[in-house]
Amino acid sequence: MSRVGNKIILVPEGVTVEVADDNTVTVKGAKGTLVRQFSPVITIEQNGNEIVVKRSSELKAHKQLHGTTRALLANMIEGVHNGYSKDLEIVGLGYRAQMQGNKLVLNVGFSHPVEIEGEEGVKIETPTQTTIKVSGISKERVGEIAARIRNVKKPEPYKGKGIKYVGERIIRKEGKTAGKK
């Protein structure tokens, strides 16, 4: 029995959810609109401000889809109501980030600056030269852009230099001369 799939989704005030016949769900809220089509083996029922997700059979694949569909739908509702954001931190001497129009320009120790294009629906900000804030209504897109930015220069384990999420713990290693006397 799916624990996630059986949870009821409560729709907050100010958010409207429309379910079409082909399992296309449109969620509208104060921050924007998200549209997604789900598998036909999953049934999405709306009763007032509650949404229930049901599956058609007890096959393993249908059980997996059940929980995934419910989680994606809940994330869509949360996104249009409150939005999502990820904060990144740049660690390293001379490492910095700045916005140039719609592009994020990173100077992180390479011979050239690295440019990352912004996407529609995802906002990238640099409050300081060493912090980056990625925000938007789609949890999927915000996480993807933040991961792409972090992937430019992952934090290394010896000095911790690189781009990391705020609050991420980097496991440090001792250098090769640490064991010598």
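Taking all atoms of both residues into account, the shortest heavy-atom contact from Lys164 to Pro155 is CB-CG, 3.8 Å. Between Arg70 and Lys7, the shortest heavy-atom contact is NE-O, 3.3 Å. The two residues Gly136 and Val142 come nearest to each other via the heavy atoms N-CG2, 3.4 Å. Shown here for Gly67 and Val4, the closest heavy-atom pair between the two residues is O-CG1, 3.8 Å.
Contact of the Glu125 side chain with the Met99 side chain is not registered, since no non-hydrogen atoms from C-beta on lie closer than 4.5 Å. Side-chain contact between Ile124 and Lys133: absent, with no pair of heavy atoms (C-beta onward) separated by less than 4.5 Å.
Ion pairing between a basic and an acidic side chain is recognised when a charged N comes within 4.0 Å of a carboxylate O; Lys139 and Glu78 show no such pairing. Between Arg55 and Glu58, at least one side-chain nitrogen of the basic residue sits less than 4.0 Å from a carboxylate oxygen of the acidic one, meeting the salt-bridge criterion.
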N/O donor-acceptor pairs under 3.5 Å from side chains in residues 85-98, not counting sequence neighbours:
from: Arg96; atom 1: NH1; to: Gly94; atom 2: O; distance (Å): 3.4

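The structure places CD1 of Ile145 at 15.5 Å from CZ of Arg150, a figure rounded to the nearest 0.5 Å. To the nearest 0.5 angstrom, Lys153 atom NZ is 7.0 Å from Lys161 atom NZ. Residue Gln64 holds its CD atom at 10.5 Å from CG of Leu59, rounded to the nearest 0.5 Å. Between atom CD of residue Glu117 and atom CG of residue Leu104 there is a gap of 10.5 Å, rounded to the nearest 0.5 Å. Atoms NE2 and OG, on His66 and Ser39 in that order, are 12.0 Å from each other to the nearest 0.5 Å. Atoms CD1 and OH, from Ile170 and Tyr158 in turn, are 14.0 Å apart once rounded to the nearest 0.5 Å.
Here Met76 is tied into one hydrophobic group with Ile9, Val11, Val15, Val17, Val19, Val25, Val27, Leu34, Phe38, Val41, Ile42, Ile44, Ile51, Val53, Leu65, Leu72, Leu73, Ile77, Val80, Ile137, each link being a pair of ILVMFWY side chains closer than 4.5 Å.
In this structure, Gln37 contributes its side chain and Asp22 its backbone to a donor-acceptor pair below 3.5 Å.
Hydrophobic clustering (side-chain heavy atoms under 4.5 Å, transitive across Ile, Leu, Val, Met, Phe, Trp, Tyr) groups Tyr165 together with Ile149. Linking Ile, Leu, Val, Met, Phe, Trp and Tyr whenever their side-chain heavy atoms come within less than 4.5 Å puts Val134 and Val114 in one cluster.
Applying the salt bridge (Lys or Arg N to Asp or Glu O under 4.0 Å) test to Lys159 and every residue at least two apart in sequence or in another chain returns nothing.
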>> Show, in sequence, the C-alpha distance, side-chain angles and deciding distance for Ile132 and Leu106, and conclude whether the side-chain contact (heavy atoms from CB on, under 4.5 Å) test is met.
In response: CA-CA 10 Å; Ile132 303 167; Leu106 299 168; 3.8 Å; yes
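The number of heavy atoms from other shown groups lying within 6.0 Å of NZ (Lys28) does not exceed 12.
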